[in-house]
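Below is one structure, written out as structure tokens; comments come after it.
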Protein chains: 2
Amino acid sequence: MIDDEATRSNVIEAADRLFYSRGIQAVGMDAVRNEAGISLKKLYSAFGSKDVLLNEVLHYRGRQWDDGIAAASAAARTPRDKLLAIYDFLNGWFRQDDFRGCAFINSFGELGSISPEIAKAAREQKSSFQRYVSSLVAEAGGPPSLAAQLAILAEGAQTTAAISGTPDAAAHARAAAVTLIDAAQPVSGAA
Amino acid sequence: MIDDEATRSNVIEAADRLFYSRGIQAVGMDAVRNEAGISLKKLYSAFGSKDVLLNEVLHYRGRQWDDGIAAASAAARTPRDKLLAIYDFLNGWFRQDDFRGCAFINSFGELGSISPEIAKAAREQKSSFQRYVSSLVAEAGGPPSLAAQLAILAEGAQTTAAISGTPDAAAHARAAAVTLIDAAQPVSGAA
DNA sequence: TACACTAGAGAACGTTCGTTCTCAGCGCAA
DNA sequence: TTGCGCTGAGAACGAACGTTCTCTAGTGTA
């Protein structure tokens, strides 16, 4: 059909909303069907199984993250500002009503030990983010270890914000990032 | 019975092993019964339901964490060394074969949005840890914001180590902590 | 010996869930 | 008009799970 792609993305977005807000195992395919407003038959003909659907949802989430980071860093000029833009992006995200932590961390915690697919998706998402941070750090002339530290700050901010229910962790992580970046580049930090 | 307490802790430890390694919803009460080696009847007479058992398991996990941190910091003399001992403790934990991330983060990701009890348990565990870090930072004469930053590093290290499958995050977090502590206390850092 | 009680093993029950099947309705070609 | 293929709604199926119930065997006691 012509609207094949429209149907798929409609289902993926509906499933993403449900999985993210309630967890994966807690959401039945029936709930996905209701949220997407299509029939079970169509749901299963578009995606062969819940596992397949979940995989596509995680890829969709990954793209959302990438787009968010890209948009946040677009305004920044220097690599340093692009790095700090990550925490500004987190700050805005943490303040959204439906924020409930990182979908990859949540999925990994829920099903990572039973589903190699999910473990792999989480691993790839996180390593992709680390590569992004690494490239910015390299551009800024910082050492590779700084990239690892900045990535850890971002991960920690996400779980802390999710569990505590407050967005404060973003500002704390940003302040720590400034300190770490400045400490790694004393030359550019001084005058 | 006299061995009532022994039965309870036996069940709690068995359930903890299973919940931690496979996730909560993926483990049935039948599996807990097998792992603990008791009858279903006794299991349900000791703990009224899976929810109750899970709650006790989380409290048990919390005590394990507290004990581990306490043991790791016992050898340290100064508040600064006690703070750094946190990351050494993480380093040892990440290297254990059965390491699969923080049980509270995992539980929160799996059931935090459906079960207020679990969300509360995770929140209390994390805020208890933050209070511990805060007290050490205060002892060391550092500002409260440093405590938040160090806690975020610890959280980020746990999720990073779990998802990446390597223990490297502990060393990165420790190095970042050293930088942050030194930057916050230029007086004691100099000399 | 007879009886009351306990405890263990697992069958059974009711529910939920992923997935498939049935069936009625509708458009469309001849 | 008639037959055909497609679609949507939801019933149905088989498995898994949390929880309860049943049955049996054993034990201590009078």
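To find a chain, count down the sequence lines: A is the first, B the second, and so on, and within it residues start at 1. Since this is a predicted model, take the numbers as computed values, not measurements.
The pair A:R33-A:D30 counts as a salt bridge, with a side-chain nitrogen and a carboxylate oxygen less than 4.0 angstrom apart. Ion pairing between A:K126 and A:E155 holds under the 4.0 Å rule for side-chain N and carboxylate O.
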Report all side-chain donor-acceptor pairs from residues 44-58 of chain A shorter than 3.5 Å, counting only partners two or more places apart or in another chain.
unit_1 : atom_1 : unit_2 : atom_2 : d
A:S45  : OG     : A:K42  : O      : 3.0
A:S49  : OG     : A:D51  : N      : 3.4
A:S49  : OG     : A:V52  : N      : 3.3
A:K50  : NZ     : A:I24  : O      : 3.1
A:K50  : NZ     : A:V27  : O      : 2.8
A:N55  : ND2    : A:E117 : OE1    : 2.6
A:E56  : OE1    : A:R8   : NH2    : 3.3
A:E56  : OE2    : A:R8   : NH2    : 2.5

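Each of A:A26 and A:G48 has a nearest nucleotide on DNA chain C; the 5'-most of these lies closest to A:A26.
Taking the side chain of B:M29 as heavy atoms from C-beta on, and the options C:dT19, D:dG18, D:dG8, the nearest nucleotide is D:dG18.
Looking at heavy-atom distances under 4.0 Å, B:K41 makes contact with a base. Counting non-hydrogen atoms under 4.0 angstrom, A:V27 reaches the backbone sugars and phosphates but no base.
Criterion: ILVMFWY side-chain heavy atoms under 4.5 Å apart, direct or through other members. Under it, A:Y20 and A:V11 are not part of a common hydrophobic cluster.
Here the CG-OG1 distance, from B:L84 to B:T78, works out to 7.5 Å after rounding to the nearest 0.5 Å.
Rounded to whole Å, atom P of C:dG10 lies 17 Å from atom OH of B:Y44. At whole-Å resolution of the value, CZ in A:R33 and C1' in D:dT7 are 14 Å apart. Look at CG on B:D30: it is 11 Å from C1' on C:dA9, rounded to the nearest Å. Distance CG (B:D51) to P (D:dC17): 16 Å, rounded to an integer number of Å.
A rotation axis mapping the C1' atoms of four pairs onto the next four is fitted at both ends of the helix from C:dT1-D:dA30 to C:dA30-D:dT1 over five pairs, and the angle between these axes is 30° to 10 degrees.
Take B:F129 and apply the ring-ring contact (aromatic ring centres under 6.0 Å, His included) test, not counting sequence neighbours, and it matches B:W65.
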